[in-house]
Number of protein chains: 2
Amino acid sequence: MPTLAADPTVLANRLRPVLLKLNRQLRREIHSLGVTGGQVALLVQIKQHPGIGIRKLAALERISVPGMSKFVSRLEEAGLVQRAPVEGDQRRVELRLTAAGQKVLRSVRSKRTAWLSARLHALDPDELDAIDAAIEPLLNLLEAEEA
Amino acid sequence: MPTLAADPTVLANRLRPVLLKLNRQLRREIHSLGVTGGQVALLVQIKQHPGIGIRKLAALERISVPGMSKFVSRLEEAGLVQRAPVEGDQRRVELRLTAAGQKVLRSVRSKRTAWLSARLHALDPDELDAIDAAIEPLLNLLEAEEA
DNA sequence: GGCATTTCGTTAACCAGGTTAACGAATCGG
DNA sequence: CCGATTCGTTAACCTGGTTAACGAAATGCC
């Protein structure tokens with residue numbers, strides 16, 4: 001039974017190693033289609049914000065602009081996204097999924113063979129609920145600093 | 001309100017981006033003393049298992065043996081850990097914290113200025129409880145595959 | 001005792017995922 | 001029309017990993 005009214009600093013020290021190890025595993029989830037978790041996240045964002053630019057996308061994903069430029073280049077080389085010039089502003093670029101990108105996204109979403117999905121299947125329903133309930137608070141952790 | 005009896009695959013797809021972004025932030029938590037979260041985790045393990053070898057440590061942290069060797073080398077160069085020869089087996093090494101390593105660990109543990117700690121302080125008690133309650137299930141996710 | 005096998009750690013070479021610094025081109029505002 | 005800003009790219013660099021190959025030491029066995 002977890003301690004109620006957890007001390008934030010103590011909680012941080014317990015949470016950190018868990019996140020660390022989970023992400024080490026997730027990094028290896030470079031599954032079948034050759035796309036990493038990070039790349040999938042990018043595809044999702046582009047799908048949800050068609051025509052978005054590098055800069056906004058970088059902000060959404062919380063990485064630097066040059067970093068985003070590089071990742072998008074990789075996705076473009078892989079044929080999953082398309083850089084299109086913006087009408088009336090030749091500095092900007094509009095990003096969109098290609099047909100191949102959409103296909104990848106569809107097939108990834110239903111994938112149950114990925115490490116995380118497989119491990120979650122092994123948990124009890126109440127454990128799943130506990131994780132489920134933590135997702136929003138964890139998201140709030142990130143949104144807090146957008147202010 | 002989170003969905004009860006969450007579908008593991010759906011939950012995985014919601015969880016992944018959260019973990020991804022959290023870890024991107026955590027990576028920048030290279031605070032004052034110049035040690036990263038991963039390095040702190042290592043120091044903690046060495047403290048809890050004094051005299052542990054590279055191989056076991058690598059298994060505990062779920063990374064490869066050569067990777068661990070490299071990280072330990074860095075920590076040794078930084079003067080935080082000490083490689084000592086093992087009595088009666090000259091292949092092995094025993095790892096121990098130096099005084100400096102213990103000092104770093106003490107000062108890190110109480111640090112409330114780190115990003116994660118600061119953000120957690122901004123959450124409601126019930127959100128903290130939700131996160132707290134999710135830690136064990138998340139750990140189980142990792143332990144499951146030790147079997 | 002001697003030799004094959006296994007165990008332990010290191011090194012080298014490589015890749016992904018970032019970062020900051022510097023820049024060039026285009027747009028915008030006075 | 002010119003200075004300042006905005007957008008994206010490139011280059012150089014770092015951390016955190018990986019696999020492959022290896023050398024030295026210990027173990028098992030005949």
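Labels below follow one simple rule: chain letters A, B, ... track the order of the sequence lines, proteins then strands, and each chain is numbered from 1.
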* According to a strict under-4.0 Å criterion, is A:Arg92 in side-chain N/O contact with OP1 or OP2 of C:dT27? -> no
* Would you classify A:Val65 as touching base, sugar-phosphate or nothing, given that sugar-phosphate means primed atoms plus P, OP1 and OP2, and contacts are heavy atoms under 4.0 Å? => base
* Asked: When the distance from CD of A:Gln90 to P of D:dT6 is rounded to whole Å, what number comes out?
  -> 19 Å
* Does the base of C:dG9 carry an N or O that pairs as donor and acceptor with the side chain of B:Arg55 under 3.5 Å? -> yes
* B:Leu116 vs A:Leu141 side-chain heavy atoms within contact, under 4.5 Å -> yes
* Send over the distance from A:Leu57 CG to D:dC7 P, rounded to a whole Å. => 14 Å
* Structure fact -> Quick note, A:Phe71 side chain, CB onward, closest among C:dG17, D:dG8, D:dG16 is C:dG17
* For B:Leu20 and C:dG18, give me the distance from atom CG to atom P, rounded to whole Å. => 7 Å
* C:dG18 phosphate, OP1 or OP2, under 4.0 Å from B:Arg24 side-chain N/O -> yes
* **Side-chain N,O (A:Thr36) to OP1/OP2 (C:dG17) below 4.0 Å** => yes
* Less than 4.5 Å apart, any side-chain heavy atom of B:Ile135 and any of A:Leu11? -> yes
* Structure fact -> B:Pro66 has its side chain closest, among C:dT10, C:dG18, C:dG9, to C:dT10
* Asked: Which residue lies toward the 5' end of DNA chain D, B:Lys70 or A:Ile52, if each is placed at its nearest nucleotide?
  -> A:Ile52
* Phosphate contact (D:dT5 OP1 or OP2) by A:Arg91 side-chain N/O below 4.0 Å -> no
* From A:Leu97 CG over to A:Gln45 CD, what is the distance, rounded to the nearest 0.5 angstrom? -> 11.0 Å
* Asked: Between B:Asp89 and A:Gly88, which is nearer to the 5' end of DNA chain C once each is assigned its nearest nucleotide?
  -> B:Asp89
* Expressed in angstrom and rounded to an integer, what is the separation of B:Glu87 atom CD from D:dA25 atom P? -> 16 Å
* To do: Could you tell me whether A:Gly38 contacts a base, only the sugar-phosphate backbone, or nothing, with contacts defined as non-hydrogen atoms closer than 4.0 Å?
  => nothing
* Comparing B:Arg74 and A:Ile54 on DNA chain D - which has the more 5′ nearest nucleotide -> A:Ile54
* Look at B:Arg27 and C:dG18 and indicate whether a side-chain polar atom (N or O) is within less than 4.0 Å of OP1 or OP2. => yes
* To do: Evaluate the criterion side-chain contact (heavy atoms from CB on, under 4.5 Å) for residue pair A:Leu95 and A:Arg83; output intermediate values, then yes/no.
  => CA-CA 5 Å; A:Leu95 301 173; A:Arg83 269 186 178 96; 3.7 Å; yes
* Which nucleotide, D:dT9, C:dA12, D:dG16, lies nearest any side-chain atom of A:Arg83? -> D:dT9
* Asked: Is the phosphate of C:dT19, meaning OP1 or OP2, less than 4.0 Å from a side-chain N or O of A:Ser64?
  -> yes
* Asked: Atom CD of B:Glu94 to atom P of C:dC8: distance rounded to whole Å?
  -> 14 Å
* **d(CD, B:Glu76; C1', C:dG9) in whole Å** => 13 Å
* **Phosphate OP1/OP2 of C:dG9 contacted by B:Ser69 side-chain N/O (<4.0 Å)** => no
* Asked: Whole Å only: how far is the CG atom of A:Leu26 from the P atom of C:dA16?
  -> 18 Å
* **side-chain contact (heavy atoms from CB on, under 4.5 Å) evaluation trace for A:Val81 with A:Leu42** => CA-CA 10 Å; A:Val81 313; A:Leu42 229 62; over 6 Å; no
* **Whole-Å gap separating C1' (D:dG8) and CD1 (A:Ile63)** => 14 Å
* Would you check, one step at a time, whether the test side-chain contact (heavy atoms from CB on, under 4.5 Å) holds for A:Arg119 with A:Gln25? => CA-CA 11 Å; A:Arg119 292 299 158 201; A:Gln25 292 300 127; over 6 Å; no
* To do: Answer yes or no: does a side-chain N or O of B:Ser73 lie under 4.0 Å from OP1 or OP2 of C:dT10?
  => no
* To do: Report yes if a side-chain nitrogen or oxygen of B:Arg28 is closer than 4.0 Å to either non-bridging phosphate oxygen (OP1 or OP2) of C:dG18; otherwise report no.
  => no
